[in-house]
Protein chains: 2
Amino acid sequence: MRKMPKARLSRPSLEAETANLIRSDILNGVWKQGDRLVEMDLANSFGVSQSTIRGALKYLQADALVVHRPRRGHFVIEISEQDVREISILRDTLESLGARLAAQTITEEGRNRLQRVFNDLCAAAHAGNRQKLIELDLLFHRTVVEVAGSERLNELYKRLVGPALLFLRMADHLYPEPQVIIDLHEPLLSAICSGDAEKAFALAHRHTEPDAQRIVQPKL
Amino acid sequence: MRKMPKARLSRPSLEAETANLIRSDILNGVWKQGDRLVEMDLANSFGVSQSTIRGALKYLQADALVVHRPRRGHFVIEISEQDVREISILRDTLESLGARLAAQTITEEGRNRLQRVFNDLCAAAHAGNRQKLIELDLLFHRTVVEVAGSERLNELYKRLVGPALLFLRMADHLYPEPQVIIDLHEPLLSAICSGDAEKAFALAHRHTEPDAQRIVQPKL
DNA sequence: CTTGCAACAATTATCGATAATCGATAATGG
DNA sequence: CCATTATCGATTATCGATAATTGTTGCAAG
């Protein structure tokens with residue numbers, strides 16, 4: 001009986017690869033909020049067919065980074081002050097739910113994963129790398145949600161990550177001080193890893209709120 | 001100055017129309033959970049091109065009724081016991097958030113919309129039409145979320161409606177008695193319409209929980 | 001009988017062409 | 001000059017063909 005490999009070979013489709021490139025361009029500011037993503041221009045630019053671009057845009061819609069307006073085209077999302085508030089409230093809601101569920105079901109593997117991300121987050125904080133910190137903050141919560149083991153929660157949370165990342169990357173000067181981020185995440189990590197679901201829930205609740213108030217207050 | 005019409009003329013795309021037909025088939029049991037939706041079969045069946053089917057399937061993915069497995073095809077979702085639990089928890093979470101936001105921002109138009117749906121729900125309950133009642137229950141909450149005015153919450157909640165509807169339609173014998181549904185929704189409607197956000201939040205929280213326990217307990 | 005390989009059919013993924021729609025600009029009429 | 005209509009170019013939507021990949025079946029070998 002041959003030993004089967006742990007991981008299956010998997011090559012991303014052309015659609016998925018193209019989506020990754022476009023996503024990167026969006027997050028790196030090559031495209032501005034509200035920009036129209038013209039299918040034929042992208043097709044010519046990436047050297048693929050229009051239909052491959054349509055497939056790629058489908059992935060970006062799933063990430064909530066792009067909206068499709070039938071017969072008019074695809075557009076990079078625009079984030080209003082209202083959107084910021086909504087995203088913050090929804091992050092608060094889903095992150096705290098994720099923290100509770102993760103604490104209820106935590107495993108050794110889950111602890112290790114979270115610890116690793118938290119270590120990376122601390123390193124970025126100490127290096128004063130705000131952009132990296134923003135990414136790792138969101139990755140931390142993504143990991144919490146993944147560790148929670150709810151695929152459906154994961155799917156919903158995924159739709160918040162892209163817009164939050166897009167917004168925070170452009171407003172990183174409003175992001176809290178690095179040490180504040182560590183001080184907010186460390187007790188949350190502890191509560192989750194020790195299985196204290198209600199404490200994790202409360203900490204994740206409180207955790208997001210100062211962010212939202214701080215970021216929303218100044219006029220955009 | 002000519003009087004402009006209130007509503008713009010809008011014709012659904014072929015993709016969207018095809019998606020509606022397939023969605024209807026899924027919800028009416030023509031397709032079973034886990035069934036593979038073969039692009040070319042659907043294209044022949046509906047008399048459209050494969051690419052139109054791909055576009056339609058994109059819409060159904062957005063509704064969380066269909067999953068795409070690259071290079072293998074598209075499949076009608078399967079709902080495990082775990083899924084039922086997750087959907088219930090997430091409904092609980094988003095419906096109560098929606099109830100709170102709706103109560104905070106309620107308008108006369110919002111009250112009228114909710115009242116109309118509630119009236120339809122009562123009519124279905126009195127007629128003992130369980131299938132209709134299930135639909136209207138979900139429509140009630142969809143309306144609450146819409147009235148709440150958070151487009152992003154609406155987008156997230158939308159991903160729960162399809163699966164919930166698919167599940168409840170097949171398990172309607174486990175759905176609470178019609179009068180119970182009325183008794184649960186009437187005080188919720190009152191709280192929202194009177195602007196009592198915290199009461200609406202609590203009622204929506206309590207409202208979903210008995211459902212989840214009742215439905216999940218029996219073995220599927 | 002079981003396992004492995006090859007062949008073939010089925011299907012998905014991608015291509016590029018054409019039809020339909022929209023947006024911009026020019027022409028016309030009041 | 002302004003408002004309306006017509007025209008044209010740009011782009012999206014849909015088509016159908018072909019390439020790539022997967023899944024099934026049959027056959028041979030151990």
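In what follows, chains carry the letters A, B, and so on, assigned in the order in which the sequence lines appear, proteins first and then strands, with residues in each chain numbered from 1.
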Protein-nucleotide distance ([X], atom [atom1]; [N], atom [atom2]), rounded to Å:
{"X": "B/R54", "N": "D/dC15", "atom1": "CZ", "atom2": "P", "answer": "14 Å"}
{"X": "B/E17", "N": "C/dA20", "atom1": "CD", "atom2": "P", "answer": "15 Å"}
{"X": "A/L14", "N": "C/dG16", "atom1": "CG", "atom2": "C1'", "answer": "15 Å"}

Item to complete: Just do the salt bridge (charged side-chain N to carboxylate O under 4.0 Å, His left out) check on A/E146 and A/R113 with the steps written out, would you?
Response: CA-CA 10 Å; A/E146 278 168 23; A/R113 285 187 66 190; 2.6 Å; yes
Practice prompt. Using the ring of A/F201 (Phe, Tyr or Trp, six-membered ring only), decide whether A/R100 places NZ or CZ under 6.0 Å from its centre and within 45 degrees of its axis.
Written response: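 A/R100 over A/F201 ring: yes.
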Close N or O pairs between protein and nucleotides 17-19 of chain C (under 3.5 Å):
{"from": "C/dA17", "atom 1": "N6", "to": "A/Q50", "atom 2": "OE1", "distance (Å)": "3.4"}

Practice prompt. Please check if the side chain of A/N154 supplies one atom and the backbone of A/E151 the other of a donor-acceptor pair under 3.5 Å.
Written response: no
Worksheet item: How about A/Y59 and A/N20: does a side-chain donor come under 3.5 Å of a side-chain acceptor?
Response: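 A/N20 and A/Y59 do not have a side-chain donor-acceptor pair below 3.5 Å.
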Item to complete: Name all pairs fulfilling the ring-ring contact (aromatic ring centres under 6.0 Å, His included) condition that reach into residues 72-98 of chain B, sequence neighbours left out, sorted by first residue then second.
Response: B/H68-B/H74
Discussion item. Regarding B/T52, tell me which of base, sugar-phosphate or nothing describes its non-hydrogen contacts under 4.0 Å with the strands shown.
Written reply: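 Sugar-phosphate contact only - B/T52 comes under 4.0 Å of backbone atoms but never of a base.
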Could you grab the distance from atom [atom1] of [X] to atom [atom2] of [Y], nearest 0.5 Å is fine?
{"X": "A/Q33", "Y": "A/L65", "atom1": "CD", "atom2": "CG", "result": "10.5 Å"}
{"X": "B/I22", "Y": "B/L27", "atom1": "CD1", "atom2": "CG", "result": "12.0 Å"}
{"X": "A/E95", "Y": "A/L188", "atom1": "CD", "atom2": "CG", "result": "9.0 Å"}

Worksheet, complete the sentence: Rounded to 10°, the angle between the first-five-pair and last-five-pair axes of the helix from C/dC1-D/dG30 to C/dG30-D/dC1 is 10°
Worksheet, complete the sentence: For A/R91 and A/H141 the tightest heavy-atom approach is NH2-CD2, 4.1 Å
Worksheet entry | Heavy-atom pair of closest approach, residues A/K32 and A/V76 | O-CB, 3.5 Å
Worksheet item: If you check every side-chain atom of B/R11, which of D/dT22, C/dT21, D/dT14 has the closest atom?
Response: C/dT21
Worksheet entry | D/dG23 phosphate, OP1 or OP2, under 4.0 Å from B/R72 side-chain N/O | yes
Worksheet entry | Near-ring test B/F140/B/H185, centroid separation under 6.0 angstrom | yes
Discussion item. Counting C-beta onward and ignoring hydrogens, is there a side-chain heavy-atom pair between A/R54 and B/R54 closer than 4.5 Å?
Written reply: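 Not touching, per the 4.5 Å side-chain cut-off.
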Worksheet item: In residues 56-71 of chain A, which residues come under 4.0 Å of DNA chain D by heavy atom?
Response: A/H68, A/P70, A/R71
Fill in: Sorted by number, the residues of residues 36-49 of chain B with heavy-atom contact under 4.0 Å to DNA chain C
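Contacting residues: B/R36, B/L37, B/V38, B/E39, B/M40.
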Determine all donor-acceptor pairs shorter than 3.5 Å in which one atom belongs to a side chain in residues 161-168 of chain A; sequence neighbours excluded.
none

